[in-house]
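Only this structure's heavy atoms are used, side chains among them; waters, hydrogens and symmetry mates stay out. Throughout, a chain's letter reflects where its sequence line sits, starting with A, and its residues are numbered from 1. Keep in mind that what you see is a predicted model, and the values were worked out from it rather than measured.
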Amino acid sequence: MANCAFPMQARRCVWWGGAARCATWAPSSSSTSGTVGAWCSSWPTRRRPRRNSWRAYRPCAASLCWGAEGVVAEREAKNPNLATGDVELRLTDLKIFNAAATPPIPVEDAGNEANEDLRLKYRFLDLRRDKLQRNMVLRSEVANVTRNYFRKNDFIDFETPILGRSTPEGARDYLVPSRVHPGDFFALPQSPQLYKQLLQVSGFERYIQICRCFRDEDLRADRQPDFTQIEVEMSFVRQQDVQAMIEGLMVELAPLADQTAQPPFLRLPFKDAMEWYGSDKPDLRCPLKIQDVTELFAGSDFNLFRVAADSHGQRRVRAVWFPGEEAGNTSRKVLDGYQESAKTLGAGGLPYLKWGKSQSVSRIAEGDAEKDGLSSSFKKFLTPALEAALRDHLQAPNEGLILFAVGTDDQTSRVLGDLRVRIAKSLAAAAELSKADPTPWFDKNAFAFLWVVDFPLFDWNEENQRFVACHHPFTSPHADDMELLEANPGACRAVAYDLVLNGYEVGGGSIRIHDADTQSRMFRAIGIGETEAREKFGFLLDALSYGAPPHGGLALGLDRLVMLLAGVDNIREVIAFPKTAQARCLMTDAPNAVDAKQLRELRIQSEQPQQYRAGVMFFESVPAELQAPISVLRTLSMNQASSTSTMVLDGEIVKVETTRIPGPGFED
RNA sequence: GGGGUUGUAGCUCAGUCGGUUAGAGUGCCAGCCUGUCACGCUGGAAGUCGCGGGUUCGAGCCCCGUCAGCCCCGCCA
């Protein structure tokens with residue numbers, strides 16, 4: 001095979017994100033020899049070498065893992081489009097390490113991407129793709145930069161237990177049964193919160209851990225049941241000390257995404273965040289603010305809005321002003337789309353008012369003339385005075401669009417908070433297409449960091465009719481609000497802060513309670529009595545009574561952070577083996593049923609066998625009118641019987657829960 | 001738990017008003033070509049239209065149910 005020209009650059013080296021990999025073996029000198037290993041996925045049939053020496057490989061040529069040895073030489077026909085297009089490897093040896101079946105999903109980056117369920121099922125192949133390779137490397141870099149940063153700042157890296165104690169409050173725990181102590185359970189940590197506080201009591205003044213956390217709650221694009229946090233805790237600090245430390249880390253991380261972070265980041269009180277942006281994690285890439293226009297409708301004939309104005313602040317009318325001709329000409333169809341999404345967020349409708357320039361001739365002809373380009377869903381209540389007042393109040397002198405929401409602060413914030421960003425994004429995208437400057441609405445290239453501070457200490461929980469800790473029950477109340485702990489918990493502020501980046505909460509933390517007395521008051525406020533507190537958190541109260549230092553910290557969501565640095569909108573793209581929205585792993589099929597023996601050892605009884613036995617009883621005493629369904633049941637195939645089935649009985653569709661169980665069938 | 005959306009060849013998708021034998025690209029297989037590098041040319045195989053019912057003379061298309069993926073609400077101290 002010597003001197004067999006073998007243009008390696010043409011294949012998997014490229015496929016693999018291979019420019020960098022090729023560089024490791026393709027030196028600039030044209031006379032160096034070396035060995036290289038690589039995969040050849042989907043070895044192109046048309047380019048399959050014809051020489052006899054290659055024939056032997058053809059049965060397994062679909063996708064190969066191979067190694068080649070040869071001499072790097074300058075190519076006769078160079079390809080300027082490839083990083084290594086100037087050189088080729090003149091083979092002296094070629095080994096096929098392993099044949100491969102045709103991949104079920106494309107692993108080339110060019111061309112189509114398979115559906116996500118297939119990508120997840122064959123994650124080991126999906127991970128070969130450049131995009132995911134890059135994301136995984138980025139994630140590793142983020143972790144390394146983080147560890148180095150904190151090490152440089154005298155932090156100590158800890159490992160805290162994964163098998164721990166279930167605690168009340170917060171998310172649902174993942175439970176792990178104890179074999180040694182039948183009937184007792186460990187809980188996987190929702191976060192190592194208590195451990196990191198206890199380590200402060202122990203005198204480790206700077207704690208860092210990159211650790212797994214587990215919460216048994218429903219998933220979102222930015223939420224997995226097991227996820228990774230960068231946990232930080234420090235003694236003798238105020239919130240600005242913690243924030244400065246984290247800002248320093250962001251300064252080092254941002255360059256990984258060719259961005260910069262410029263501390264100090266904006267500090268925005270929670271109250272203002274909700275008032276101006278309708279969110280506790282505002283996306284400041286969009287500068288537009290929500291404004292209160294309730295008073296303008298005080299004497300209006302427009303009942304919907306006037307009622308709010310008469311409600312003494314119970315309900316308000318709030319609005320967002322989108323400036324510009326583009327916004328003013330928003331079509332009815334598009335507005336309907338916005339209204340639909342507003343409705344899914346709980347709005348009754350989406351009142352609007354727009355001043356556009358171009359009006360369609362046909363609509364004017366239909367008598368729907370819009371003089372001055374004015375159009376509104378409540379036009380008949382819109383007096384010239386009101387129009388002028390709105391223009392003045394919203395500082396809306398020219399063309400543009402106003403969207404209104406009416407209701408409680410919660411309702412209007414949710415609707416306008418969502419639309420503010422959504423519409424700004426699409427206006428900016430449209431502006432970009434028409435080569436206009438999109439910046440007034442949305443700067444998609446920005447990295448908009450901010451701190452949201454002064455969170456409330458408590459939230460009122462309707463379901464349980466009591467206050468719950470907004471952040472967690474170890475959060476220090478604001479020094480000025482200590483007496484509100486008992487007097488008016490709802491108004492009590494916390495020394496808690498969230499780090500927000502581009503509309504995502506990437507981190508949250510607080511200054512903790514460091515004395516047992518305040519901690520007890522806190523537990524009382526959320527309905528945890530002395531006895532229960534003693535029982536569940538005795539170790540913490542003990543620890544706090546032995547000279548615990550003032551301390552505080554923060555946890556960063558590593559997955560979200562890497563997601564934003566990678567420029568993707570889903571954390572599955574930055575997790576090697578993620579779960580689906582239904583908290584399932586399509587590759588391993590976890591979670592799965594386990595052996596009866598395993599359950600017995602844990603003294604755990606599965607409900608399914610019990611259901612089956614109930615079925616047997618049912619069969620034995622079956623009344624005549626149920627003979628028919630039973631006969632239908634007997635005809636079900638194994639597949640059909642694996643879940644819920646339907647059958648037609650006397651003209652009616654009947655739903656039947658069926659469970660497949662191992663063992664003898666009905667006939668036996 | 002609720003709402004929305006998607007499911008057709010290995011993969012990505014099209015499929016009209018319900019009407020003949022369900023198509024395209026890509027991949028796969030075979031042959032030809034060879035300095036190609038998303039090579040090119042010719043031919044071929046490949047479909048439980050997610051699954052189960054129903055309506056109809058007739059269903060990929062309509063109805064009911066169900067499963068799975070995705071997004072959102074609830075939930076996530």
Atom CG of L219(A) and atom C1' of C71(B): how far apart are they, to the nearest Å? 12 Å

Quick one: OH on Y504(A) to CG on L499(A), what's the gap to the nearest 0.5 Å? 14.5 Å

Scan T580(A) against the nucleic acid and name what it touches under 4.0 Å (heavy atoms): base, sugar-phosphate only, or nothing. sugar-phosphate

Taking any heavy-atom pair under 4.0 Å as a contact, classify E340(A): base, sugar-phosphate, or nothing. nothing

Would you say D569(A) has more than 12 foreign heavy atoms packed within less than 6.0 Å of its CG? no

Side chain of A221(A): nearest nucleotide among U12(B), G1(B), C72(B)? C72(B)

Rounding to a whole Å, what distance do you find between Y174(A):OH and C76(B):P? 15 Å

Side chain of R220(A) (C-beta onward), nearest among C70(B), C72(B), G1(B): C72(B)

May I ask which nucleotide in the shown strands pairs with A30(B), Watson-Crick or G-U wobble, both distances under 3.5 Å? U42(B)

Of the candidates G69(B), C28(B), C76(B), the side chain of T102(A) sits closest to C28(B)

With heavy atoms under 4.0 Å as the rule, sort S191(A) into base, sugar-phosphate or nothing. base

So if I take every side-chain heavy atom of L345(A) and compare against C73(B), U12(B), A68(B), which nucleotide ends up nearest? C73(B)

Side-chain donor or acceptor of R223(A) under 3.5 Å from a matching atom on the base of C75(B)? yes

Distance check, rounded to the nearest 0.5 Å: F185(A) atom CZ versus L163(A) atom CG? 13.0 Å

Is the ring centre of F523(A) less than 6.0 Å from the ring centre of F537(A)? yes

Closest approach to the side chain of A171(A), judged atom by atom: which nucleotide of C70(B), C13(B), C76(B) is it? C76(B)

Give R119(A) one of three labels, base, sugar-phosphate or nothing, depending on what nucleic acid heavy atoms sit under 4.0 Å from its own. nothing

Roughly how far apart are Q200(A) CD and H551(A) NE2, rounded to 0.5 Å? 6.0 Å

Please walk me through it: do W460(A) and V468(A) pass side-chain contact (heavy atoms from CB on, under 4.5 Å)? CA-CA 6 Å; W460(A) 178 253; V468(A) 295; over 6 Å; no

Between G69(B) (P) and N115(A) (CG): distance, integer Å: 12 Å

How long is the line joining CD of E217(A) and P of C73(B), in whole Å? 14 Å

To the nearest Å, give me how far apart CG (D336(A)) and P (G4(B)) are. 18 Å

Paired nucleotide for G58(B) [Watson-Crick or G-U wobble; both distances under 3.5 Å]: none

Residue mapping more 5' on RNA chain B - nearest nucleotide basis, K579(A) or N461(A): K579(A)

Interatomic distance at P, U8(B) relative to G2(B), whole Å: 26 Å

Roughly how far apart, to the nearest Å, are G3(B) and C49(B) at atom C1'? 27 Å

Quick check: any donor-acceptor pair below 3.5 Å linking the side-chain of R215(A) to the base of C76(B)? no

With rounding to whole Å, what would you report as the distance between G4(B) and G65(B) at their P atoms? 12 Å

For the side chain of P106(A), counting heavy atoms from C-beta on, which of G74(B), C11(B), G69(B) is nearest? C11(B)

Please state whether the base of G7(B) and the side chain of D117(A) form at least one donor-acceptor pair under 3.5 Å? no

For atom C1', what is the distance between G54(B) and U16(B), given to the nearest Å? 25 Å

Salt bridge check: are E573(A) and R119(A) linked by an N-O gap of less than 4.0 Å? yes

Base-pairing mate for C70(B) - Watson-Crick or G-U, with both contacts under 3.5 Å: G4(B)

Rounded to whole Å, the CG-C1' distance (D226(A) to C76(B)) equals 14 Å

Would you say C71(B) has OP1 or OP2 under 4.0 Å from some side-chain N or O of R572(A)? yes

Starting from the C-alpha separation in whole Å, work towards a yes-or-no answer on side-chain contact (heavy atoms from CB on, under 4.5 Å) for R512(A) and Q193(A). CA-CA 10 Å; R512(A) 329 295 186 191; Q193(A) 181 63 36; 3.4 Å; yes

Determine the interatomic distance between P on C29(B) and the same-named atom on A45(B); round to the nearest Å. 16 Å

From CG of N570(A) across to P of C72(B) the rounded distance in Å is 8 Å

Spacing between R129(A) atom CZ and C11(B) atom C1', to the nearest angstrom: 12 Å

Taking the C1' atom in each of G18(B) and U55(B), what is the distance between them to the nearest angstrom? 12 Å

Considering only the P atoms, how many Å lie between A9(B) and G60(B), rounded to the nearest integer? 14 Å

Watson-Crick or G-U wobble partner of G65(B), both distances under 3.5 Å: C51(B)

Map Q193(A) and I105(A) onto RNA chain B by nearest heavy atom, then report which one ends up closer to the 5' terminus. I105(A)

Provide the distance between the two C1' atoms, one in C61(B) and one in U36(B), to the nearest whole Å. 45 Å

Where the side chain of D218(A) is defined as all heavy atoms beyond and including C-beta, which of G69(B), C76(B), G1(B) is the nearest nucleotide? G1(B)

Tell me the partner of A24(B), counting only Watson-Crick (N1-N3 plus N6-O4 or O6-N4) or G-U wobble (N1-O2 and O6-N3) with both under 3.5 Å; none if nothing fits. U12(B)

